[in-house]
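Computed from a predicted structure; not experimentally measured.
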Amino acid sequence: MARILSIDYGKKRTGLAVTDPLQIIPGGLATVATSELFDYLRQYIAKEPVERIVIGEPRQPNGQPSENLARVQQFVNRWRKAVPDVPIEYYDERFTSVLAHRAMIDGGLGKKARQNKAIVDEISATIILQDYMSSRH
């Protein structure tokens with residue numbers, strides 16, 4: 001089997017998470033500068049088989065599109081044209097940042113670590129992936 005990779009796409013930074021090859025356990029992969037995301041993913045996929053990519057669909061709590069949705073859609077369209085053999089699909093990411101902060105607190109991370117947005121982005125990507133995996137079973 002191949003991995004499933006998830007993306008928490010941000011204007012400046014993007015969190016990534018990935019499953020193990022058997023698609024049982026999701027885990028944080030990295031946080032990369034969004035400007036380097038496309039190249040990072042191409043390099044990663046050249047080394048590791050990836051079945052699909054799940055990207056957080058940013059919406060406001062009321063379901064309306066957030067300001068970041070247009071950037072996410074541009075990335076998805078670019079990916080679909082350049083790498084059609086690795087499908088990319090949207091998954092609702094509402095509340096993942098809140099859940100990431102809660103997980104950090106519950107995990108005992110100190111205030112300074114919780115302010116590290118790169119960690120929050122990676123945890124958010126992991127939550128998106130976990131939710132996506134749960135929805136498939």
Side-chain angles (χ1 to χ4, degrees):
M1 287 180 92
R3 298 173 188 270
I4 300 173
L5 189 143
S6 69
I7 300 173
D8 180 37
Y9 192 95
K11 187 176 181 178
K12 296 179 183 176
R13 284 174 324 282
T14 295
L16 303 172
V18 69
T19 65
D20 63 295
L22 296 176
Q23 298 180 8
I24 298 171
I25 302 169
L29 176 63
T31 299
V32 298
T34 299
S35 61
E36 299 168 9
L37 175 63
F38 200 87
D39 291 335
Y40 180 94
L41 290 176
R42 301 261 326 232
Q43 290 171 10
Y44 183 82
I45 287 171
K47 293 183 276 186
E48 292 287 340
V50 173
E51 175 184 302
R52 73 182 51 253
I53 295 174
V54 178
I55 189 165
E57 183 177 31
R59 297 210 169 261
Q60 297 174 20
N62 65 4
Q64 294 297 311
S66 78
E67 67 173 71
N68 198 36
L69 184 58
R71 286 187 285 273
V72 171
Q73 289 170 329
Q74 286 177 342
F75 176 83
V76 168
N77 291 337
R78 180 179 174 206
W79 182 264
R80 286 179 174 157
K81 286 178 187 160
V83 191
D85 52 322
V86 179
I88 186 168
E89 63 184 270
Y90 293 102
Y91 191 79
D92 188 346
E93 72 168 22
R94 279 180 284 183
F95 310 113
T96 53
S97 292
V98 172
L99 292 171
H101 279 287
R102 180 86 254 155
M104 293 168 78
I105 290 168
D106 292 348
L109 283 176
K111 186 175 181 179
K112 188 143 178 100
R114 292 194 311 264
Q115 291 172 340
N116 182 341
K117 295 199 185 305
I119 294 172
V120 175
D121 293 337
E122 192 172 318
I123 292 172
S124 292
T126 306
I127 291 169
I128 291 167
L129 186 53
Q130 178 67 55
D131 287 353
Y132 174 80
M133 291 169 63
S134 294
S135 75
R136 290 180 43 183
H137 296 297

So, for Arg136 and Ile4, which heavy atoms are closest and what is the spacing to 0.1 Å? NH1-CD1, 2.9 Å
Taken to the nearest 0.5 Å, the spacing of Met133 CE from Ile25 CD1 works out to 8.5 Å
Close side-chain approach of Pro65 to Arg59, heavy-atom, < 4.5 Å: yes
Looking only at non-hydrogen atoms, find the nearest pair between Ser66 and Pro58 and report the distance. OG-CB, 3.1 Å
Val54 and Val83: same hydrophobic cluster, using ILVMFWY side-chain contacts below 4.5 Å? no
Please report the interatomic distance NZ(Lys11) to OG(Ser35), rounded to the nearest 0.5 Å. 13.0 Å
Flag, side chain of Thr126 to backbone of Ala17, donor-acceptor distance under 3.5 Å: no
State which residues pass ring pair (Phe, Tyr, Trp, His ring centres under 6.0 Å) with Tyr91; sequence neighbours excluded, sorted by chain then number. Tyr132
Side-chain donor or acceptor of Ser6 paired with backbone N/O of Ala125 under 3.5 Å: yes
Over all atoms of both residues, closest heavy-atom pair of Asp121 and Arg13: OD2-NE, 2.9 Å
Side chains of Glu57 and Leu69: closer than 4.5 Å at any heavy-atom pair? yes
Any link between Tyr40 and Val50 through a network of hydrophobic side chains (Ile, Leu, Val, Met, Phe, Trp, Tyr) touching at under 4.5 Å? yes
Looking only at heavy atoms, which two atoms of Leu22 and Met1 are closest? And how far apart? O-SD, 3.8 Å
Does the side chain of Val32 come within less than 4.5 Å of Tyr44's, by heavy atoms? no
Checking side chain to side chain contact (heavy atoms under 4.5 Å, CB included) against Asp131, which of Ile128, Leu129, Ile127 comes through? Ile127
Same apolar cluster (I L V M F W Y, side chains within < 4.5 Å links), Ile45/Tyr9: yes
Name all residues meeting the side-chain hydrogen bond (donor to acceptor under 3.5 Å, both in side chains) criterion together with Glu51; count only those two or more places apart in sequence or in a different chain, and write none if there are none. Gln23
For a quick test of reading the model, state the closest non-hydrogen atom pair linking Arg42 to Ala82 and the distance between them. NH1-CB, 3.9 Å
Under 3.5 Å: donor-acceptor pair, side chain of Asp8, backbone of Gly15: no
Tell me whether the count of non-hydrogen atoms from other residues, nucleotides or ligands lying under 6.0 Å of CZ in Arg52 goes above 12. yes
Return yes if some donor-acceptor pair links the side-chain N/O of Arg3 with the main-chain N/O of Thr19 below 3.5 Å, else return no. yes
Hey, any chance Leu41 and Val76 share a hydrophobic cluster, counting ILVMFWY side chains that come within less than 4.5 Å of each other, even indirectly? yes
Angle between ring planes, Phe75 versus Phe38, binned at 30° and 60°: parallel, tilted or perpendicular? perpendicular
Sorted by chain and residue number, the side-chain hydrogen bond (donor to acceptor under 3.5 Å, both in side chains) partners of Arg80 (sequence neighbours excluded) come out as none
Side chain to side chain contact (heavy atoms under 4.5 Å, CB included) between Leu16 and Ile7: does it pass, once the steps are laid out? CA-CA 5 Å; Leu16 303 172; Ile7 300 173; 3.7 Å; yes
Minimum-distance pair of heavy atoms, taken over all atoms of Val72 and Gly56: CG1-O, 3.9 Å
